[in-house]
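All remarks here apply to the structure that follows.
Note on naming: letters A, B, ... go to the chains in the order of the sequence lines (proteins, then strands), and numbering restarts at 1 for each one. From a predicted model like this one, the values you see are computed outputs, not experimental measurements.
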Amino acid sequence: MKKASEAFSELEFNTLLERLKKLTPEAEKEAHFEPSYKESSFEQISTELKKAKKVALNFIRESDEINSILLSFGDSVHVLEAAELEKIKPYLEDKKLKKLTFDSKPLIFALRFDEIRLAGVSFDVQLGAYLLQPTRTNYTASDLGFRYLKLYIGEGQDSFRQAIIDCYLAYHLEEPLTKKLTEGKLEKVYNELELPLSPVLAAMEYRGIGINKEELKTYSNELAQMINKLEEEIYRLAGEEFNINSPSQLSSILFEKLKLKPVKKTKTGYSTDSTVLAKLINEHPIIENMINYRELAKIKSTYVDALPKMVNPKTKRLHTTFNQTVTATGRLSSSNPNLQNIPIRTDIGKRIRKAFVPARATDLLLVADYSQIELRVLAHLSKDETLTKAFEEHKDVHQATAAEVFGLPVNKVSEEARRKAKAVNFGIVYGISSFGLAQQLQIDAKEAATYIEMYFNRYPKVKSFIDRTVSDAYKKEFVKTLYGRCRQLPELKSNDVRIRNFGERSAINSVIQGSAADIIKQAMINVENALFTDDLMSRMVLQVHDELIFEAMALEKSALSSLVKKQMESAYVLHPSLEVNISTGPNWLEAK
DNA sequence: CGATCACGC
DNA sequence: GCGTGATCG
């Protein structure tokens with residue numbers, strides 16, 4: 001039984017493991033873990049606190065307000081009233097006293113409201129567990145307690161008990177998790193990247209970004225009118241009213257009533273997605289209206305109407321949450337609201353960006369973005385001379401790729417050829433399949449395959465890097481990034497060729513995307529430190545995968561520009577080197 | 001709550 | 001390839 005459960009753990013069949021745990025007779029018999037705690041005063045623990053080298057820390061919070069302070073020196077968890085925070089403050093700010101946490105960022109965030117800067121966080125359960133198994137979807141006390149301490153902790157505890165358990169685990173998971181991190185050679189990425197990044201993210205979240213609510217209100221009304229007109233026109237052309245937002249209803253209108261030819265199927269019926277609509281554009285006038293409707297409806301519901309509702313009434317700003325333990329590759333994600341998918345491509349979408357503004361009208365937004373970081377990482381890892389040279393000579397990389405692949409002089413590269421080369425470059429970074437490239441370029445898979453072949457002819461070391469990465473991944477069942485971040489690939493053991501192919505593409509993508517993520521994380525840490533060292537007032541407020549966004553004091557514009565450029569470009573010594581473009585403006589649209 | 005769709009890198 | 005979120009049924 002034990003063996004089976006271990007096997008499941010390795011394969012990360014999360015739900016199966018859960019079920020097994022519940023069914024195990026030992027689990028039934030064994031007393032469920034009961035956290036021991038006692039209500040203490042500062043005076044009662046002060047002696048122990050003074051001589052302690054490390055302490056596990058947690059809070060019981062209601063939203064951002066701290067209600068109780070939880071401390072543990074290994075055995076019982078001490079519960080102190082929030083009123084004692086002032087007395088504990090020097091210990092929290094003492095970087096020599098090691099703080100062990102279950103999830104440090106919310107703690108750092110909450111303490112900012114009491115003007116306490118938590119220092120000396122040396123262990124964070126969430127970050128450690130994430131680095132060990134980045135493809136898990138959550139890292140609950142119950143899972144981690146069982147996995148690393150063989151404790152049976154029930155799910156769905158009330159928030160008081162949960163906070164106690166988390167504090168207990170913060171203390172007792174340090175040893176086993178640290179050991180595993182060392183075994184996996186993950187100490188560097190843990191200690192030098194993830195752990196120091198966490199307070200940087202907390203600070204960015206705390207600062208938030210300014211948003212012009214009135215601008216969005218006005219826009220919402222304009223969009224409502226436009227959507228209304230499109231709606232009427234769509235009903236008229238369909239000959240009836242229906243729910244335009246329902247893909248199934250739209251499908252029956254298009255493919256049954258109007259007898260349009262279905263382009264592709266989904267699990268449940270005929271697809272009506274934007275690529276399908278684009279192909280049907282000349283078949284019926286309703287299509288163009290639908291395309292426009294989709295875009296407007298999306299922009300209105302997801303951004304224009306949603307964002308103003310999320311403005312914090314106290315700060316009047318938008319505060320995203322940067323999730324540090326979500327992606328399989330090491331990227332951050334952003335939620336509530338997601339500020340990493342604000343529209344940019346279309347004019348309609350761009351107007352959203354115009355509403356993102358600095359706190360004071362005299363300030364500026366500064367955007368610093370890495371130029372082609374993923375392709376540069378690819379050039380670095382593959383050591384391909386042609387690709388490396390393109391960057392060293394500051395060429396337009398897609399144009400250069402087109403010239404290579406199609407055997408043209410650079411000045412003879414058409415828009416069309418460049419577009420194709422760009423798609424091939426994207427495909428390479430994503431772990432290409434001829435099917436995917438064909439779909440992207442609307443060509444048949446055979447033609448796509450010849451493009452890939454032509455590409456590999458001109459960039460042979462990219463080809464061998466990809467082959468090496470994939471065969472390595474099969475051997476080890478994981479891949480690693482520049483900083484040693486790891487991703488397990490259980491898909492490569494599948495008997496299903498489609499799942500194995502997915503695993504192969506993930507292997508390539510994870511190395512490239514994950515290495516780029518490592519670099520920008522390093523840059524964020526370095527930039528944040530440099531801003532304080534140089535005494536600048538400007539602040540980093542957002543990260544969008546390959547770019548950093550700052551609220552810049554107008555007077556600091558040039559100092560900030562050079563600081564950010566220098567720190568980002570020197571975050572990692574890459575060959576070809578990293579290049580950063582900087583622009584500024586009164587809002588996010590004009591700073592791009 | 002899964003499926004579909006659409007936004008970003 | 002990697003995400004988050006709105007909407008539907």
Original post:
Nearest of B:dC7, C:dG1, B:dC5 to any side-chain atom of A:Glu295?
Top reply: B:dC7
Subject >> Side-chain donor or acceptor of A:Asp518 paired with backbone N/O of A:Tyr483 under 3.5 Å >> reply: yes
Original post:
When you measure from every atom of DNA chain C, which of residues 332-341 of chain A have a heavy atom less than 4.0 Å away?
Top reply: A:Ser333, A:Ser334, A:Ser335, A:Asn336, A:Asn338, A:Asn341
Subject >> Sub-4.0 Å heavy-atom contacts from residues 223-232 of chain A onto DNA chain C, ordered by number >> reply: none
Atom pair distance, as rounded to whole Å: [atom1] in [X] and [atom2] in [N]:
X	N	atom1	atom2	result
A:Asn292	B:dC5	CG	P	18 Å
A:Tyr303	B:dG8	OH	P	6 Å
A:Lys592	B:dG8	NZ	C1'	11 Å
A:Phe426	B:dC9	CZ	C1'	8 Å
A:Gln513	B:dC9	CD	C1'	8 Å
A:Arg487	C:dG3	CZ	C1'	12 Å

For [X], answer base if it contacts any base atom (sugar-phosphate contacts may also be present), sugar-phosphate if it contacts only those atoms, and nothing otherwise; contact means non-hydrogen atoms under 4.0 Å.
X	result
A:Phe502	sugar-phosphate
A:Val326	sugar-phosphate
A:Arg505	sugar-phosphate

Original post:
Could one point to a donor on the side chain of A:Arg331 or the base of B:dC9 with an acceptor on the other under 3.5 Å away?
Top reply: yes
Subject >> Pair A:Asp444 + A:Lys446, salt bridge at N-O below 4.0 Å >> reply: no
Original post:
Is the shortest side-chain N to carboxylate O distance from A:Glu283 to A:Lys261 below 4.0 Å?
Top reply: no
Below 3.5 Å is the cut-off: list the nitrogen or oxygen pairs between protein and nucleotides 6-9 of chain C, distance only.
{"residue": "C:dA6", "atom": "O3'", "partner": "A:Ser301", "partner atom": "OG", "Å": "3.3"}
{"residue": "C:dC8", "atom": "OP1", "partner": "A:Asn243", "partner atom": "ND2", "Å": "3.0"}
{"residue": "C:dC8", "atom": "O3'", "partner": "A:Ser246", "partner atom": "OG", "Å": "3.2"}
{"residue": "C:dG9", "atom": "OP1", "partner": "A:Ser246", "partner atom": "OG", "Å": "2.5"}
{"residue": "C:dG9", "atom": "OP1", "partner": "A:Gln249", "partner atom": "NE2", "Å": "3.1"}

**OP:** Check whether more than 12 heavy atoms from other residues, nucleotides or ligands sit under 6.0 Å from atom CD of A:Gln225, and answer yes or no.
**Re:** no
